[in-house]
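See structure below.
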Amino acid sequence: MKRFFYILLAFSILLSACRNHDNDIVIEGDFQGGGNALVRLRLVGVNETVGLDSVHMKNGHFAFTVRSTDEESEKRASTPMLYQLQLSENNALKTIAKGGDHLYFTANADKIASFYHVKGSEDAVLCAQLDSALSVFIQKAEEWYVVYQQNMENDEVRAGIDSNYMQAVEAHTAYLKDFVQKHPESLSTFMAFYQSYNRRFFLNTEENFGMLENIVQNLKQKYPENPYVVFMQERINLIKFKKAQEKRHDTH
């Protein structure tokens, strides 16, 4: 009888370990030219970014395992969350992962957010597509800026650059709108909506408030308890409340 009890206990522990293992998030990769530099893994929360782990790469290779060890981490693993891989303050990329994901990144260590590749989940791939599109835009903008600075006295050249820049802004904005429409159930739509360059958001919240509402409504159906979704719903409610207050004030 005692022997049977110990066998049952061992079996229960084994099942528990298997469940926990299935809920792990593995994030690894190879950064060309990374050598033995330190890589940090951070969780990007609603109110703060929290460091989870750090490792020194071995010839550019790194690996992290995010385990579910308590109720809080299990809840976190049950829904897509935003994570950051960071080599330095100005050299980092953000991705999305949930329990069971195994993401593999490749990039140049000099600037990991530019044209990196990732395998392992659709959300992570979509994040990479957004970063790649923004990198193309930034590359053009920086090239035009150099020419602009070199031709400060040439009104015709500067006007042409201004026109090219605004066309690029419009094209990238259209790309982001199309991205949101094509991937309504992905948390990456939040990243698309709030993508910016030089502190300028491509999608103005006031002008595109209906789009933001649709994003939140679509994600609420799939991830009703996701902290980002809950936060954004609260923010939308607050914006609506303020608009109602302003309208009521204007009528008096």
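Just the heavy atoms: all of them, side chains too, but no hydrogens, waters or symmetry mates, feed the values below.
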Practice item. Show your working on side-chain contact (heavy atoms from CB on, under 4.5 Å) between I27 and D101 and close with a plain yes or no. Key: CA-CA 8 Å; I27 299 177; D101 284 349; over 6 Å; no

Practice item. Begin from the C-alpha positions of Y228 and F190 and carry the test ring-ring contact (aromatic ring centres under 6.0 Å, His included) through to its verdict. Key: CA-CA 9 Å; Y228 309 114; F190 277 146; 7.4 Å; no

Practice item. Starting from the C-alpha separation in whole Å, work towards a yes-or-no answer on side-chain contact (heavy atoms from CB on, under 4.5 Å) for L130 and Y175. Key: CA-CA 9 Å; L130 285 172; Y175 164 79; 4.2 Å; yes

**Study point:** Full working for side-chain contact (heavy atoms from CB on, under 4.5 Å) between N226 and K220
**Key:** CA-CA 8 Å; N226 182 278; K220 275 177 65 176; over 6 Å; no

**Study point:** From CA spacing to verdict: side-chain contact (heavy atoms from CB on, under 4.5 Å), K98, R76
**Key:** CA-CA 8 Å; K98 63 180 183 302; R76 188 170 63 216; over 6 Å; no

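The number of heavy atoms from other shown groups lying within 6.0 Å of CG (N36) is above 12. Counting non-hydrogen atoms of neighbouring residues, nucleotides and ligands closer than 6.0 angstrom, the CD atom of Q149 exceeds 12 such neighbours. Surrounding CZ of R40 are at most 12 heavy atoms belonging to other residues, nucleotides or ligands under 6.0 Å away. Within 6.0 Å of the CD atom in E72, the count of heavy atoms belonging to other residues, nucleotides or ligands does not exceed 12. Applying the 6.0 Å contact sphere to CD of Q217 captures more than 12 heavy atoms from other residues, nucleotides or ligands.
A cation-pi contact, defined as under 6.0 Å to the ring centre and within 45° of the axis, is absent between K140 and Y145.
Using a 4.5 Å heavy-atom threshold, the side chains of V66 and D24 count as separate. The side-chain heavy atoms of L134 and H172, taken from C-beta on, include a pair separated by under 4.5 Å. Side-chain contact between W144 and D162 is absent, with no heavy atoms from C-beta onward closer than 4.5 Å. The side-chain heavy atoms of S132 and F137, taken from C-beta on, include no pair separated by under 4.5 Å. In this structure, the side chains of I239 and E234 stay at 4.5 Å or more apart for every pair of heavy atoms.
Of all the heavy atoms in Q86 and Q84, the pair that sits closest is NE2-OE1, 3.8 Å. Counting all heavy atoms, side chain and backbone alike, N91 lies closest to D110 at ND2-O, 3.4 Å. Across S186 and L126, no two heavy atoms sit closer than the pair OG-CD1, 3.5 Å. Here the closest heavy-atom approach between residue T95 and residue A124 is recorded as OG1-CB, 3.4 Å. When all heavy atoms of D131 and A113 are compared, the closest pair comes out as CB-O, 3.7 Å. When all heavy atoms are compared, the tightest approach of S68 to A77 is OG-CB, 3.4 Å.
Under a 4.0 Å N-O distance rule, the pair K182/D178 qualifies as a salt bridge. We find that E213 and K240 are joined by a salt bridge, their nearest charged nitrogen and carboxylate oxygen being less than 4.0 Å apart.
When hydrophobic clusters are built by joining Ile, Leu, Val, Met, Phe, Trp and Tyr residues whose side-chain heavy atoms come closer than 4.5 Å, directly or via intermediates, L52 is grouped together with V39. F231 is connected to Y83 through a chain of hydrophobic side-chain contacts under 4.5 Å among Ile, Leu, Val, Met, Phe, Trp and Tyr, so both are in one cluster. Put simply, V26 and V118 are part of two different groups of oily side chains (I, L, V, M, F, W, Y) that touch within less than 4.5 Å, one to the next. A continuous path of hydrophobic side-chain contacts links F193 to I236 [ILVMFWY only; heavy atoms under 4.5 Å]. One hydrophobic cluster, built from ILVMFWY side chains closer than 4.5 Å, holds both F201 and F179.
Defined by atom type and a distance below 3.5 Å, a donor-acceptor pair is missing between the side-chain atoms of D123 and S188. At a cut-off of 3.5 Å, with distance as the only test, a side-chain donor of D30 or Y104 sits close to an acceptor on the other residue.
Here the side chain of S73 pairs a donor or acceptor atom with the backbone of T69 at under 3.5 angstrom. With Y148 contributing its side chain and V157 its backbone, the two residues share no donor-acceptor pair below 3.5 Å. In terms of modelled atom types and a separation under 3.5 Å, the side chain of E28 and the main chain of F105 share no donor-acceptor contact. In this structure, S78 contributes its side chain and K75 its backbone to a donor-acceptor pair below 3.5 Å. Between the T173 side chain and the V169 main chain, a donor and an acceptor come within less than 3.5 Å of each other. Between the N108 side chain and the K111 main chain, no donor and acceptor come within less than 3.5 Å of each other.
Here the OG1-CE distance, from T205 to M211, works out to 11.0 Å after rounding to the nearest 0.5 Å. The CZ atom of R200 sits 10.0 Å away from atom CG of N198, with the distance rounded to the nearest 0.5 Å. Between atom CG of residue N237 and atom CE of residue M232 there is a gap of 10.5 Å, rounded to the nearest 0.5 Å. Going from atom CG of N218 over to atom CG of L187 covers 12.0 Å, rounded to the nearest 0.5 Å. Note that NZ of K119 and CG of L103 are 11.5 Å apart. Values are rounded to the nearest 0.5 Å. K94 NZ to T49 OG1: the interatomic distance, rounded to the nearest 0.5 Å, is 6.5 Å.
Between F202 and Y197, the distance from one ring center to the other does not fall under 6.0 angstrom.
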